[in-house]
Structures are given as structure tokens and as C-alpha cells.
2 protein chains.
Amino acid sequence: MEAKVKPQDPRPGRHAARRDEIIQAAWAEAETRGLSAISLTEVARRVGLRQPSLYSYFASKNALIDAMFAQAASSLLHQIEQTDYPASPRDGARLVARTVLQFGVSNPTQSQLIFQRTIPGYEPSADAYAPALQMQDRYVRKLADAGVTAPADVDIFTALVAGLASQQLANDPGGDRWVSQLDTVLDMFFAHLDRRSRT
Amino acid sequence: MEAKVKPQDPRPGRHAARRDEIIQAAWAEAETRGLSAISLTEVARRVGLRQPSLYSYFASKNALIDAMFAQAASSLLHQIEQTDYPASPRDGARLVARTVLQFGVSNPTQSQLIFQRTIPGYEPSADAYAPALQMQDRYVRKLADAGVTAPADVDIFTALVAGLASQQLANDPGGDRWVSQLDTVLDMFFAHLDRRSRT
DNA sequence: GTCTATAACGAGATAGAC
DNA sequence: GTCTATCTCGTTATAGAC
């Protein structure tokens, strides 16, 4: 899948490093212009290159976006996996919710690319989508450990987190007006589960 | 604010009618290309005009988008105001939630323009924003009638509705997988209120 | 009001020298 | 691998005839 080109710089890994720089520049571009309005000319300028030179690293603009998708998904997956979860399964579910919510509001552009279909003409490749699937698997597993197994309950749980994230980003970006309600909302959710299981 | 031009067609209101046609075409364009990628050339083609002719109706592309914003906000406001609310205030709050959620999933493009800031370089004018404010006022009032007055509770309520809408649109567009959970989620919410007020 | 023509710009992508 | 030059296409917006 990777272009087999000999980098000018003899140091191994230089090509990959430059590639990462470009992806970073593309994120910066997306933050200012919007995800769907990334300009390769601007991305190149940010890393001190001319626009055609990017084609030594990415076969097309979509290939660059695909790399961004894979990076964002891997990043969230990594955060979920590296988290130190408490013994209580229910607290574990709470923590994974907090991790995802925190990622969402701290990295709005990454989240937009991963969670919404907002780039016209772009569909993630199977390779790029793999970490996203793995991430969802971890997420669902954490919920299952806490007894959230019914599909409808999983849907509600994800909607609660997504709702807080979307409101936070749209109406109080950078703040914590909605994020601070996560515990209350999860109390609500688990009280609902408990009440239902008692009957 | 309105251009004072004499329409060729002598019938009064012809100009305004054509204007509405153009806005409708722009919505259709936004649905296929995405909101931020509307092309005036395509919009013109859809109404049987050439692209420069649009400038007899809108001073700029942003002016067209502003008209779309105003129309979408007015449409949702109208739906909220025309709804026949039940006597029970709590059922009233449930119904306004359902109305907003239904609008959101039935009109994803309109909702995106109203509720998210997703068009780079566009900010709604004061005129266009007015119906949006009025809509929010009705919404908050309905919640207050049902005893949802604490700002934090209002925030949670809106997040619940937004969460169902965002998940529905992102993961099951056209379906009702999340919409069908609205009643359960509202049960959860009001049970939470009741439980808290009992102590 | 609508048209043709065009200005002015920017995009993504390719060719080929170095 | 990076560059210059260029192709091709698209966009918003304006000028001016009718």
C-alpha cells in the first residue's frame, strides 16, 4: 500500500516523519478552514514544501484524508486502551464514557472525521477503518462488563455521550458546561437500569 | 434590506416566488453536495437560470445562505408554535422534544445549518438569527412549564435530544433506531427530576 | 431580469528537469 | 524528493448588451 520511494535523506524513517508532519499540518488546516475545505497548497506551505511535492507522500488528497482518519481513530483507540480502569465494571463504563467525551471535545476536528460523515466524496478505506472498529469493540465490551448488554441500552448510552459532546462543541467550545453534566447523566442512566431490573 | 428591482413579470410577488424557488434549489444542492459545497452554478441550473442571474435575487452566496438559515429557523419555529400541546406540562415538554427531534432527523441539512457552525466564513445576520432566538425561547418556556427550570437541567434535556438526533443521523439515517428511544430517555430524565425533588 | 462573456482566483493533479 | 510549469476544471463575481 505504501509507495516504495527512496527518500533523499539517507536517515531511515525520514520519509515517515515527513509524512507525519504533513498530516499534522493538514489537521491544523482543517481546524482553521474546516475539514472539507482543506487546501493542499496551504498544507504544503505549512511544511515548507510546494504543493506538487505532497504527491511524493500521498497519492491523492483522499489518501491524505484517509491517513488522517486512521491517525484519529488510532489515537482514540490508544487512549481507550491505555486508560487504567477501576475494578468496578460500572465505574469502568463511566470512565470509558469520560474518555470518549473528553477526546470528542478536545479534538473536535478528529471526532468530526471519525464519527460523522461530513467529507463529501470521502469514504474511509478498510485499513483506515480498522482501528475505528477495534475502538468500538473495546467500547461495547466495557459497557457489557457493566451489564449494559441490550442493544437499545447501548444505543442510549452512546447517545448520551454524543449529546453532551455535540452540545458542548456547538454552544460552549472550550468550556465544560455540558461535560460537567456527565456524572449526573450517567447517574440517570444507571438509575434507570436499576429501576428496570428491580421489576 | 431588499433590492428594489422591477421584475420582468408584472404579477406582484413573482420576484419573491422565484426567490423561494432558488432557496429550495439550494437546499437540494446542499443535500447532495453538502452544505459547505453549494455551487451557485448548480443552483441556477436547477431553476433554469444561468449563474449570474442569481445576483438579481441575492447579493452574494452568503446572502443566499443567510436566507436559507432564516427559512430553516422559521420553519422549525413554526412547527413548534403550530403544535397542539396537551394539558399536562410534562407531556408538553415531551412533545416539544419530539417535535425538535423529528425536525432534526427529517431535515438534517436544515438542522446542521441552524444548530452547528459548519459553514466556513458564514455567520447568520441578526435578521436571520431572530427566528432562531424566538424558537429557543418557546423551547425553554415549554420546559419551564414542566418544571425544568434549573439551567443545568435544561442543558441536560437539550443534550438528550441532540444526542438522539446526532446518533440517528450518523448511524441510521432514515431509520428510527435512536428516535424510538426518546420516550425511554425522557422517562429517565423525569425520573431523575422526581427522585431528586423527593429528597 | 436574463443573458453572454470574462475577470480573477483557487483547486487537484501531472510532466519532466534537476 | 523537490522543484517549476502547466493542464484542466471549478468557483464567485462583475460588465454590459438586450
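Residue numbers begin at 1 in each chain, while the letters A, B, ... track the order of the sequences.
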field: Donor-acceptor pair, side chain of Asp66(A) and main chain of Ser125(A), under 3.5 angstrom
entry: yes

message: Test your reading of the model: is there a side-chain donor-acceptor pair from Lys61(A) to the backbone of Ile38(A), 3.5 Å cut-off?
response: yes

Euclidean distance, atom [atom1] of residue [X] to atom [atom2] of [N] [Å, nearest integer]:
X	N	atom1	atom2	result
Arg45(A)	dG12(C)	CZ	P	14 Å
Leu54(A)	dA11(C)	CG	P	12 Å
Phe58(A)	dT2(D)	CZ	P	12 Å

message: Side-chain N or O of Arg50(B) versus OP1/OP2 of dA5(C): is the shortest distance under 4.0 Å?
response: no

- line: Between Tyr55(A) and Ser60(A) the two heavy atoms that sit nearest each other are CE2-CA, 4.1 Å

message: salt bridge (charged side-chain N to carboxylate O under 4.0 Å, His left out), that's the test. Do Asp187(B) and Arg195(A) meet it? Break it down for me.
response: CA-CA 11 Å; Asp187(B) 287 346; Arg195(A) 194 178 340 114; over 6 Å; no

task: Classify the angle between the aromatic ring planes of Phe69(B) and Tyr129(B) as parallel (below 30°), tilted (30 to 60°) or perpendicular (above 60°).
output: parallel

Geometric class of the Tyr57(A)/His15(A) ring pair [parallel <30°, tilted 30-60°, perpendicular >60°]: parallel

- prompt: Among dA15(C), dT2(D), dC3(C), which is the nearest nucleotide to the side chain of Pro52(A)?
  reply: dA15(C)

field: Position toward the 5' end of DNA chain C (nearest nucleotide), Ala59(A) or Gly48(B)
entry: Gly48(B)

Check nucleotides 9-12 of chain D against the protein and report each pair of N or O atoms closer than 3.5 Å, with its distance, or say if there are none.
| unit_1 | atom_1 | unit_2 | atom_2 | d |
| --- | --- | --- | --- | --- |
| dT11(D) | OP1 | Arg33(B) | NH1 | 3.3 |
| dT11(D) | OP1 | Arg33(B) | NH2 | 3.4 |
| dT11(D) | OP1 | Ser39(B) | OG | 2.7 |
| dT12(D) | OP1 | Ile38(B) | O | 3.1 |
| dT12(D) | OP1 | Leu40(B) | N | 3.2 |
| dT12(D) | OP1 | Lys61(B) | NZ | 3.2 |
| dT12(D) | OP2 | Leu40(B) | N | 2.9 |

